[in-house]
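Heads up, the thing below is written out as structure tokens.
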Amino acid sequence: MHYASDNTGPVHPKVMEALLRANEGYAPAYGAEALTREVTNQIREIFEAPDAVVHLVATGTAANSLLLASHTAPWDTIFCSRVSHIHEDECNAPEFYCGGAKLTLVPTEDGKMSPAGLRAAIEAEETRGVHGPQRGPVSLTQATEKGTVHTLEELCALTEVAREFRLRTHMDGARFANALSTLGCSPAEMTWKAGIDMLSFGGTKNGLMGVEAAILFDPARDTEFQLRRKRGAHLFSKHRYLAAQMQAYLTDNLWLDMAAAANAACQNLADGFREAPGANLMYRPEANILFARLPRSTHRRLFAAGAEYHLWNGYLESGAEDERIAARFVTDWSANPSDTERFLSLL
Ligand SMILES: *Cc1c(COP(=O)(O)O)cnc(C)c1O
């Protein structure tokens with residue numbers, strides 16, 4: 001009953017096999033080998049973006065930070081949601097890589113900014129001349145940190161506001177595949193066709209060992225990205241092992257199958273939560289993350305039986321037994337239906 005995060009799960013066996021196949025003889029270093037060229041072409045095809053630039057890095061924090069830094073001056077501010085990973089969970093790496101740029105937090109509901117909220121935040125910045133921050137890119141997360149998914153209309157409405165102010169747009173797609181699986185649209189529709197300029201394309205949380213692709217749909221800042229990646233110590237020399245993982249991921253739709261499995265497991269959990277006494281869902285679980293409030297006594301029972309997940313705000317130790325405490329449950333591609341059943345019967 002592993003619901004702590006989708007990065008606690010195993011790597012898909014096909015990815016391990018690809019790593020073994022890549023582990024033959026010698027290959028040029030730093031991404032100059034054939035595998036990286038092949039993966040780049042695969043991504044260009046999947047995204048219907050023949051001019052896109054693709055660079056592999058090992059963490060989502062690196063992908064986010066390097067992409068944003070390549071499009072943000074030190075005196076700029078990046079517009080993002082209040083609950084965004086770049087704000088809450090990256091130890092100020094984006095600000096560090098940007099050389100001192102800051103984040104402007106946009107009010108957020110269900111993990112999403114509204115176009116009006118984004119507009120108000122943008123209008124409030126760059127109003128103080130040299131004394132204040134200048135307007136930088138807009139970053140949004142798909143699927144969101146709260147497990148919701150922006151519709152294509154919502155994405156377009158947000159990027160339209162950005163475009164009005166001539167701001168670049170970044171998508172944190174740590175759970176890109178999960179969102180895509182929910183919307184059932186094409187990768188192009190969920191990105192550049194919806195006005196997204198750059199994408200952190202997640203892999204690790206969806207069955208890879210540790211690879212994310214930074215994708216620049218507009219290649220103008222490619223050189224800057226590459227220089228920042230090297231300077232930031234994120235250019236891997238034995239790069240073929242990154243490329244091999246990503247190739248296995250994209251081959252025969254493995255990435256989509258894994259995301260669909262993770263999402264289905266989350267839907268099963270959600271159905272159980274809807275029926276469970278004393279439980280209530282906090283957001284609409286539209287991908288592979290679910291937030292719910294449960295009585296303290298229920299948490300105790302679940303933890304005692306070995307369930308793994310994170311309480312969100314609150315403590316198990318002290319307080320009334322019937323007090324409800326929020327918790328987050330995340331499913332991954334390897335979620336086992338019989339574990340889910342056991343969990344739900346406990347619940
Ligand atoms: C996990 C995650 C990342 C990347 O995290 P790393 O630990 O740096 O790989 C980025 N954005 C979101 C929304 C995430 O959930």
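Ligands are counted one by one from 1 in listed order, and the atoms in each one are counted from 1 as well.
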Please indicate whether any nitrogen or oxygen in G60 is less than 3.5 Å from any nitrogen or oxygen in ligand 1. yes

Any side-chain donor near an acceptor of the partner, E341 and S338, under 3.5 Å: no

Hey, does E212 sit under 4.0 Å from ligand 1 if you only count heavy atoms? no

Under 4.0 Å from any heavy atom of A174, which atoms of ligand 1 are there? 2 (C), 3 (C), 10 (C), 11 (N), 12 (C), 14 (C)

Numbering the atoms of ligand 1 from 1, which are under 4.0 Å from a heavy atom of T141? 13 (C)

With backbone taken as N, CA, C and O and side chain as the heavy atoms from C-beta onward, which portion of N64 lies under 4.0 Å from ligand 1: side chain, backbone, both, or neither? side chain

Enumerate the atoms of ligand 1 whose separation from the nearest heavy atom of R175 is less than 4.0 angstrom. 15 (O)

Ion pair present between K14 and D252, side-chain N to carboxylate O less than 4.0 angstrom? no

Indicate yes or no for a side-chain donor-acceptor contact from Q245 to the backbone of V15 under 3.5 Å, with no hydrogens or angles considered. no

When you measure from atom 14 (C) of ligand 1 to every protein heavy atom, which one gives the shortest distance, and what is it? K205 NZ, 2.8 Å

Interfacing atoms of ligand 1 (cut-off 4.0 Å, heavy-atom, E90): 10 (C)

Does E323 pair with R296 as a salt bridge, N-O distance under 4.0 Å? yes

Option passing side-chain hydrogen bond (donor to acceptor under 3.5 Å, both in side chains) with N288 (candidates N263, D6, N206): D6

If only atom types and distance count, is the side chain of R163 paired as donor or acceptor with the main-chain N or O of G195 below 3.5 Å? yes

Contacting atoms of ligand 1, where contact means under 4.0 angstrom from a heavy atom of E145: 13 (C)

Would you say R82's side chain and P107's backbone share a donor-acceptor pair under 3.5 angstrom? no

Under 3.5 Å, N or O to N or O, is D172 touching ligand 1 that way? yes

So which bit of T61 gets within less than 4.0 Å of ligand 1, heavy atoms only: side chain, backbone, both or neither? both

How about Y309 and H299: are their ring centres within less than 6.0 Å of each other? yes

Closest to atom 5 (O) of ligand 1 among protein heavy atoms sits H85 CE1, 3.5 Å

